[in-house]
Student: 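Supplied in structure tokens, the structure appears directly below.
Because only heavy atoms are used, hydrogens play no part in the values below, and waters and symmetry mates are left out as well, while side chains stay in. Chain identifiers are assigned alphabetically (A, B, ...) following the order of the sequence lines, protein sequences preceding nucleic acid strands; residue numbering begins at 1 within each chain. Keep in mind it's a predicted model, so treat the numbers as computed, not measured.
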There are 2 protein chains.
Amino acid sequence: MATQERSSATQARILDAARALFLERNFADVTMEQVAATAQATKGAVYHHFASKEELYLAMLHADLEDKRELFQRAVDMPGNCRERLRRLTSDYFHLPRGHREIISLVRRDVNVFEGDARTSLIRAYQSALPEQVEKILCDGVEAKQIEAADPRLLSWSFVALVEVSLSPHAGRVFPGGEAKLDHILNLFFDGASTAVVPN
Amino acid sequence: MATQERSSATQARILDAARALFLERNFADVTMEQVAATAQATKGAVYHHFASKEELYLAMLHADLEDKRELFQRAVDMPGNCRERLRRLTSDYFHLPRGHREIISLVRRDVNVFEGDARTSLIRAYQSALPEQVEKILCDGVEAKQIEAADPRLLSWSFVALVEVSLSPHAGRVFPGGEAKLDHILNLFFDGASTAVVPN
DNA sequence: GCAAATACCGACCAGTCGGTATGTTTCCCC
DNA sequence: GGGGAAACATACCGACTGGTCGGTATTTGC
């Protein structure tokens, strides 16, 4: 039993190292030796647990995306109107530790290095982890006439994009507290930047 | 004189090839031989014009960003209110040929592979080509009370992000004509997604 | 028309890195 | 308590690629 614990511990260390490294460098610029070193293991150990660099990367991403999907699911299943649920989802997201928060933009960053099944399944995992959950909330909002009828998928991507903008250091400086940042995003998304009360 | 023409012609071909290749693959996944082949030249020719792979990449990006800066400048200098000028800027952008349109997201994609001066000057070029121009328009809007007082830089990034979302194939399907897409972005940014006429 | 310069070619080098083959240690099970 | 398998460690391979360098062809200035 001790050997199995030890094994899954190293596996977790390798995944952690991979997450940290792939977050700050490109897929191509991270070497398997760096991963091994950061995980306090050797290349042999890494290749014992993951068949290839690509598999390691994808395993890390899929694990992380699945975590997020479950987290956001809770906001989707929450009672309340569209805006409240979106606020909850975004708040949950902001309260993630830094290393886990930015993995999502990473999918967009180097999804292009893969092709075929790996690529499609990665995109699918990302879609179902984030945009589709937002989309569900938005669809309810459109149905309840809280939101203007528009393509929900496009709206959800737009919302995600606005959240991503708020990850920048500059946004952190403008809104030191998390609450104000949250309000800003929701206000911008729901009510727009204009002061005009009646849209043209 | 003919030799100089010939020279700058190959240089242009190399830059074109670089743009096309770097657009669909990572920096690391593009080889100098591929660039040479696509440009119908040899590696020797490429290295004759550009000292290194990094220099080629940066030269290509800077040239392209400078073009865009000049293009967007025209919208900034235009008379009219904030919304009209933003519309013009975005419209100009949409009317660019496809290969030139998406270069901008490319900066965000692999700015991380560089460090030091190269990195900072690239970010600066990007900033002054796009977000800062949007920012100027927004600042005027805030001053004229057409836009709610908020951090203009953050607002400009948000706007750029919304435009980027509309580059997706799905957005192209939802809005086959350019005009409708333009309206959608502007409506979303200025008036938000909500149906509520009076913001909370 | 010739010599120097410029543009260009392509074989080659050196370093890197993903992946493998082969030990070696540790633990589990009978 | 021993044999076997799983978890590592280490040495190494081979392919790839950025960059170099000696050489060639074409201009251009004189």
Student: Whole angstrom is fine here: how far is it from OH in Tyr47(B) over to C1' in dT17(D)?
Tutor: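 In whole Å, dT17(D) C1' and Tyr47(B) OH are 8 Å from each other.
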Student: Nearest whole angstrom, please: distance from the P of dC17(C) to the NZ of Lys53(A).
Tutor: 9 Å
Student: Please round to the nearest 0.5 Å and tell me the distance separating atom CG of Leu23(B) and atom CZ of Arg25(B).
Tutor: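 So the gap between those two atoms works out to 11.0 Å.
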Student: Between Asp64(B) and Arg19(B), is there a salt bridge with N-O shorter than 4.0 Å?
Tutor: yes
Student: Testing the basics here: between Leu138(A) and Ser156(A), what is the closest heavy-atom pair and its distance to 0.1 Å?
Tutor: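 Closest heavy-atom pair between Leu138(A) and Ser156(A): CD1-N, 3.5 Å.
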Student: My understanding is that only residues two or more places apart in sequence, or in another chain, count here; which of them pass ring-ring contact (aromatic ring centres under 6.0 Å, His included) with Tyr126(A)?
Tutor: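 Result, ring-ring contact (aromatic ring centres under 6.0 Å, His included) vs Tyr126(A): none returned.
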Student: From CZ of Arg6(B) over to P of dC9(C), roughly how many Å is that when rounded to an integer?
Tutor: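 Atom CZ in Arg6(B) sits about 7 Å away from atom P in dC9(C).
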Student: Taking only heavy atoms on the protein side, list every residue of residues 16-45 of chain A lying under 4.0 Å from any atom of DNA chain C, sorted numerically.
Tutor: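 Contacting residues: Val30(A), Thr31(A), Met32(A), Lys43(A).
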Student: Less than 4.0 angstrom between a side-chain N/O of Ser52(A) and OP1 or OP2 of dG18(C), yes or no?
Tutor: no
Student: Taking all atoms of both residues into account, what is the closest heavy-atom pair of Lys53(A) and Val30(A), and its distance?
Tutor: NZ-O, 2.7 Å
Student: When you compare the protein's N or O atoms with those of nucleotides 4-6 of chain C, which come within less than 3.5 Å of each other, and at what distance?
Tutor:
none

Student: Closest heavy-atom contact between Ile185(A) and Phe94(A)?
Tutor: CD1-CZ, 3.7 Å
Student: Whole Å only: how far is the CD1 atom of Ile14(A) from the C1' atom of dA7(D)?
Tutor: 11 Å
Student: So, Asp183(B) and Arg87(B), do they make that salt bridge, N to O below 4.0 Å?
Tutor: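 Yes, charged N to carboxylate O under 4.0 Å.
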Student: With under 30° as parallel and over 60° as perpendicular, where do the rings of Phe22(B) and Tyr57(B) fit, or are they tilted in between?
Tutor: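 Aromatic pair Phe22(B)/Tyr57(B) classed perpendicular.
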